[in-house]
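Side chains included, hydrogens not; waters and symmetry mates left out as well; all remaining heavy atoms used. In what follows, chains carry the letters A, B, and so on, assigned in the order in which the sequence lines appear, proteins first and then strands, with residues in each chain numbered from 1.
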Number of protein chains: 2
Amino acid sequence: MAGKVKTRDRILQTSLALFNQEGEAQVSTVDIAAVMGISPGNLYYHFRGKEVIIEALFDDFEEEMRQVLSAPIKRPLDIEDNWIFVYILFEEINDFRFFYYGLASVLERCPNLRPRFARLLKLKQDTVDAILTALEKGGLITFGPGEQDALATRLAAHLTFWLQYRDLTAPAQSSRTIINDGVYSTMIQIAPYIAGDRAPYAALLTEYFKKQR
Amino acid sequence: MAGKVKTRDRILQTSLALFNQEGEAQVSTVDIAAVMGISPGNLYYHFRGKEVIIEALFDDFEEEMRQVLSAPIKRPLDIEDNWIFVYILFEEINDFRFFYYGLASVLERCPNLRPRFARLLKLKQDTVDAILTALEKGGLITFGPGEQDALATRLAAHLTFWLQYRDLTAPAQSSRTIINDGVYSTMIQIAPYIAGDRAPYAALLTEYFKKQR
DNA sequence: GTCTATAAATGGATAGAC
DNA sequence: GTCTATCCATTTATAGAC
């Protein structure tokens, strides 16, 4: 009993790893079974097909993302809190990056995931917007008309696709480095809206950036 | 003779359209031939496989992108010039969006495209950087240390993935609208670095934004 | 729960007639 | 250049034994 991982869970783990490595479209159910050392028939006993596996993985992803996005930040004005928040967000996306990397393929195979995926992005954007509101209320930043909304949208998009961009332009780096890079490039986008002198904020970020390496 | 499009070109056109619509991984050579109303054998006479088609499409894409990116902007300080430049860039990306949408799949099938794709992104980033330099030299914007580099990277990433993000969060819009939206959200990111009052710049952009709809 | 064997479907690719 | 016919490989999916 102790330590024994159920086959069902092993299938999900293996599928996720393979999908992230090679892309969902390149991995067949036979591949998954072969890597695990089980028979295709056994795999089909647990999941009736690849769609079902993908949907189960999305369930996991959605649950974790909702958990992360709904966890309120204790001290919104504290840089460290926001740093950690963005870091965790990137880690979550990185863990399920095959969804983003082969989106067309995934949504074609599982059309019912499209609205769910869209809702998740919307939730991300709303969360970012709420944090910006808190920062403005706290007097740390100030916005002109329409600027907050534009920044929230932009940051959500940045959070969504940065890892992919980085992976393309500077491959062969550890995911640790890429994520850290992503957090910095996210947080630094707030700098221009700092009320008053933005240099100290930038300096603080650079400090964190170095520490995390 | 006149008006007759060669089969080879029709294959490329049809493939591009199908890839953009359904994703490269979901479209087989048989599908392409069927849609065109020709036989699979005929298709194979012109292209020895799907890889060859994809690579031919990338050749087109690369050539057009290089052309766009190397065309010097006449008046870098003029908003209209930059607006048009970004617009054309987005249009180009939109025309070949299957490369971005199903990147994992494409690069898995044609590994030799990876470095070429990466070089193209790099060129994009360098071009953006050059424009920013011109703007700063012209006295329109000012940067703190490291800010220009960060902005150039960010803008390049934004240019690369914005359409995809928009398509997910607000689907069923005309590509015209999505692109226009993208141009605005790109240009507005420069606003915080405007030397002096940034309100006039933002107002001008909003003006263009409305005009283009 | 797990295996073997196999069916059914699809996609990639080629030979040879027209 | 184009078609028909066909073959091979891969993938999905199921039946039945252990």
Side-chain angles (χ1 to χ4, degrees), chain A residues 1-58 98 102 104-113, chain B residues 1-58 98 102 104-113:
Chain A
M1 294 278 183
K4 182 154 197 316
V5 183
K6 290 195 191 76
T7 300
R8 198 197 126 89
D9 292 331
R10 283 182 57 225
I11 292 175
L12 289 179
Q13 287 168 14
T14 308
S15 301
L16 180 56
L18 287 177
F19 289 164
N20 281 338
Q21 269 167 44
E22 330 223 344
E24 174 268 328
Q26 275 66 44
V27 179
S28 71
T29 52
V30 181
D31 292 332
I32 299 168
V35 168
M36 291 178 62
I38 67 170
S39 67
N42 191 5
L43 189 144
Y44 268 82
Y45 169 79
H46 291 282
F47 294 96
R48 291 205 335 273
K50 217 163 75 162
E51 296 88 26
V52 192
I53 295 180
I54 294 174
E55 280 168 21
L57 286 173
F58 189 84
F98 82 92
S105 179
V106 171
L107 295 184
E108 186 74 15
R109 197 181 283 274
C110 312
N112 56 316
L113 287 189
Chain B
M1 294 276 181
K4 181 153 198 316
V5 184
K6 289 195 192 75
T7 301
R8 199 197 125 90
D9 292 331
R10 284 182 55 226
I11 292 174
L12 289 179
Q13 288 168 13
T14 308
S15 301
L16 179 56
L18 287 177
F19 289 165
N20 281 338
Q21 269 167 44
E22 330 224 343
E24 174 269 327
Q26 275 66 45
V27 178
S28 71
T29 52
V30 182
D31 292 332
I32 298 169
V35 168
M36 291 178 62
I38 67 170
S39 68
N42 191 4
L43 189 144
Y44 268 82
Y45 169 80
H46 292 281
F47 295 95
R48 288 204 339 272
K50 214 163 79 163
E51 295 88 28
V52 192
I53 295 179
I54 294 174
E55 279 167 22
L57 286 174
F58 188 84
F98 83 91
S105 178
V106 171
L107 294 184
E108 185 75 14
R109 197 180 282 274
C110 314
N112 56 316
L113 288 189

Can you tell me how far [atom2] of [N] sits from [atom1] of [X], to the nearest Å?
X	N	atom1	atom2	value
E51(A)	dT12(D)	CD	C1'	9 Å
I38(A)	dT4(C)	CD1	C1'	14 Å
I53(B)	dG11(C)	CD1	C1'	13 Å
D31(B)	dG12(C)	CG	C1'	12 Å
R48(A)	dT14(D)	CZ	P	8 Å
M36(B)	dC3(D)	CE	C1'	14 Å
I11(A)	dT2(C)	CD1	C1'	11 Å

| message | I want to verify a distance call: between dT12(D), dG1(C), dG1(D), whose nearest atom is closest to the H46(B) side chain? | response |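 Of the options given, the side chain of H46(B) lies nearest dG1(D).
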| task | Between dT2(C), dT12(D), dC3(D), spot the one nearest the side chain of R109(A), thanks. | result |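 Between dT2(C), dT12(D), dC3(D), the one nearest the side chain of R109(A) would be dT12(D).
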Distance below 4.0 Å between [X] side-chain N/O and [N] OP1 or OP2:
X	N	answer
Y45(A)	dG1(C)	yes
N42(B)	dG1(D)	no
Y44(A)	dA13(D)	yes

| request: Indicate yes or no: at least one non-hydrogen side-chain atom of V27(A) is less than 4.5 angstrom from one of Q21(A). | output: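 Of all side-chain heavy-atom pairs linking Q21(A) with V27(A), none is under 4.5 Å.
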| pair D31(B)-S28(B): side-chain heavy atoms closer than 4.5 Å |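 A side-chain contact under 4.5 Å exists here.
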| message | Let me confirm one number: the OG1-CD1 distance from T29(A) to I53(A), rounded to the nearest 0.5 Å. | response |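 Taking OG1 in T29(A) and CD1 in I53(A), the distance rounds to 7.0 Å.
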| In Å, rounded to the nearest 0.5 Å, how long is the span from CZ of F98(B) to CG of L16(B)? |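 Spacing of CZ (F98(B)) from CG (L16(B)) equals 6.0 Å.
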[X] to [Y] - nearest heavy-atom pair and separation:
X	Y	result
Q13(B)	V5(B)	NE2-CG1, 4.1 Å
L43(A)	I32(A)	CD1-CG2, 3.7 Å
M36(B)	T7(B)	CE-O, 4.2 Å
F19(A)	K50(A)	CZ-CG, 4.2 Å

| query | With sequence neighbours excluded, what pairs up with A25(B) under the side-chain contact (heavy atoms from CB on, under 4.5 Å) test? | reply |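 If we apply the side-chain contact (heavy atoms from CB on, under 4.5 Å) test to A25(B), skipping adjacent residues, the hits are A25(A), S105(A), S105(B).
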| Hey, can you pull the residues of residues 19-30 of chain A with a non-hydrogen atom under 4.0 angstrom from DNA chain D? |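 Per residue number, the list reads S28(A), T29(A), V30(A).
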Just the atom pairs and distances: protein N or O near nucleotides 15-18 of chain C's N or O, under 3.5 Å.
none

